[in-house]
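What follows is a single structure, written as structure tokens, with notes after it.
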Amino acid sequence: LLVLAAGVAALYVVRASPNHEGSVRMAGLKAEVSIERDAHGIPTIRAANIEDAAYGMGVAHAQDRLWQLQTHLRIGSGRMAEAFGAAALDNDKFLRALGVKRAAQVQWANLKNIESRRVVEAYTAGINNIIEQHLKARPPELMVLGIPAEKWTPEDSLAWAIMMSWDL
């Protein structure tokens, strides 16, 4: 039984670990994007244009930090109690009263700079491509809490920028 448990755990680790080797075809790119990682796993993204670079950054973030992205999504929306239970309700009430997600939605709706919109949309598409097409196993934190990996939106990026500003 112990050997079986160790085998299942090892299989999970292999499936949950991001693929940092080889090449993968992904829809939504205009040209080739290269994500190379150094000995410490730090990515360097090379792309022919800013949108593809943002897409690559979204891919790298989702591969390496999906749990963090999912936590940020819930913080920005005032939905931490979904993951952490009643202990997070006061934080959720405060964040909803503060209106972080509403402010992000207004900012996104009023963002008229087409290039900026495309960059944020490309970053979002990179994250969602990993979640929808290349996620073989949810991060362990999501598994333990029993919550799904949700799609990222442009508003989530803006909400997190607001939260970073608030923190600073």
Side-chain angles (χ1 to χ4, degrees), residues 12 15-19 24 26-30 33 35 41-45 47 49-168:
Y12 172 76
R15 289 183 59 82
S17 298
N19 181 11
V24 176
M26 292 188 173
L29 294 171
K30 295 177 182 175
V33 173
I35 303 173
I42 298 170
T44 298
I45 300 165
N49 58 72
I50 188 71
E51 290 171 40
D52 284 350
Y55 188 102
M57 187 168 63
V59 166
H61 282 172
Q63 284 180 324
D64 298 348
R65 299 179 171 271
L66 187 57
W67 160 246
Q68 184 178 21
L69 287 168
Q70 293 296 304
T71 302
H72 291 174
L73 181 150
R74 286 171 176 79
I75 291 170
S77 299
R79 297 175 36 220
M80 291 173 42
E82 293 174 4
F84 302 110
L89 279 174
D90 286 340
N91 287 330
D92 285 351
K93 289 176 186 176
F94 172 74
L95 291 167
R96 288 183 184 200
L98 190 60
V100 173
K101 186 68 172 210
R102 287 189 310 275
Q105 290 167 333
V106 168
Q107 286 179 355
W108 182 248
N110 291 326
L111 182 60
K112 303 301 182 213
N113 183 301
I114 299 300
E115 184 176 351
S116 295
R117 288 184 74 86
R118 287 181 180 156
V119 168
V120 175
E121 289 168 342
Y123 175 74
T124 299
I127 293 170
N128 288 333
N129 188 292
I130 293 298
I131 292 170
E132 296 168 353
Q133 305 292 323
H134 299 281
L135 189 63
K136 295 180 233 162
R138 290 181 292 166
E141 300 89 348
L142 295 179
M143 295 281 291
V144 168
L145 293 170
I147 55 179
E150 293 183 22
K151 287 180 69 173
W152 190 260
T153 68
E155 292 90 343
D156 293 323
S157 292
L158 297 176
W160 193 247
I162 292 168
M163 289 307 304
M164 288 176 61
S165 297
W166 177 266
D167 191 42
L168 294 174

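- The shortest distance between side-chain heavy atoms of Tyr55 and Val33 does not fall below 4.5 Å.
- Within the 4.5 Å cutoff, side-chain heavy atoms of Ser77 are placed close to those of Asp156.
- Note that the CG atom of Leu29 and the CG atom of Asn49 stand 8.5 Å from one another [nearest 0.5 Å].
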Begin from the C-alpha positions of Thr44 and Ile35 and carry the test side-chain contact (heavy atoms from CB on, under 4.5 Å) through to its verdict. CA-CA 6 Å; Thr44 298; Ile35 303 173; over 6 Å; no
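- Side-chain contact between Leu95 and Met163 is present, with heavy atoms from C-beta onward closer than 4.5 Å.
- Minimum interatomic distance between Ala83 and Ile147 (heavy atoms only, all atoms of both residues): CB-CD1, 3.6 Å.
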Walk me through it: do Trp166 and Val100 pass the test side-chain contact (heavy atoms from CB on, under 4.5 Å)? CA-CA 10 Å; Trp166 177 266; Val100 173; over 6 Å; no
side-chain contact (heavy atoms from CB on, under 4.5 Å) for Met80 and Leu89? Distances and angles first, verdict last. CA-CA 7 Å; Met80 291 173 42; Leu89 279 174; over 6 Å; no
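- Note on ring orientation: taking the six-membered ring where Trp is involved, the planes of Tyr123 and His61 are perpendicular (angle over 60°, cut-offs 30° and 60°).
- Leu66 and Ala149 make their closest contact through CD2-CB, 4.2 Å (heavy atoms, listed as atom of the first residue, atom of the second, distance).
- In this structure, the side chains of Trp160 and Leu69 stay at 4.5 Å or more apart for every pair of heavy atoms.
- Using a 4.5 Å heavy-atom threshold, the side chains of Glu150 and Glu82 count as touching.
- Taken from NE2 in His72 to CH2 in Trp152, the straight-line distance is 7.5 Å, to the nearest 0.5 Å.
- For the residue pair Glu155 and Ala104, the shortest heavy atom distance occurs at O-CB, 3.4 Å.
- Other residues, nucleotides and ligands contribute over 12 non-hydrogen atoms within 6.0 Å of the CZ atom of Arg79.
- When every heavy atom of Leu145 is checked against every heavy atom of Phe84, the shortest pair comes out as CD1-CE2, 4.0 Å.
- The distance from the NZ atom of Lys30 to the CD1 atom of Ile50 is 11.0 Å, given to the nearest 0.5 Å.
- Put simply, the side chain of Gln70 reaches to within 4.5 Å of the side chain of Ile131, judged on heavy atoms.
- Summarising the geometry of Ala62 relative to Ile130, their closest heavy-atom pair is CB-CB, 3.6 Å, with the distance given to 0.1 Å.
- Pairs engaging residues 111-121 under the side chain to side chain donor-acceptor pair (under 3.5 Å) rule: Asn113-Ser116 [sequence neighbours left out].
- Partner of Met57 under the side-chain contact (heavy atoms from CB on, under 4.5 Å) criterion, chosen from Asp52, Ile127, Val119, Ile45: Ile45.
- Closest of all the heavy-atom pairs between Ala159 and Gly76 is CB-CA, 4.2 Å.
- Within the 4.5 Å cutoff, side-chain heavy atoms of Val120 are placed close to those of Trp108.
- Atom CG in Asn91 sits 11.5 Å away from atom CG in Leu98 (nearest 0.5 Å).
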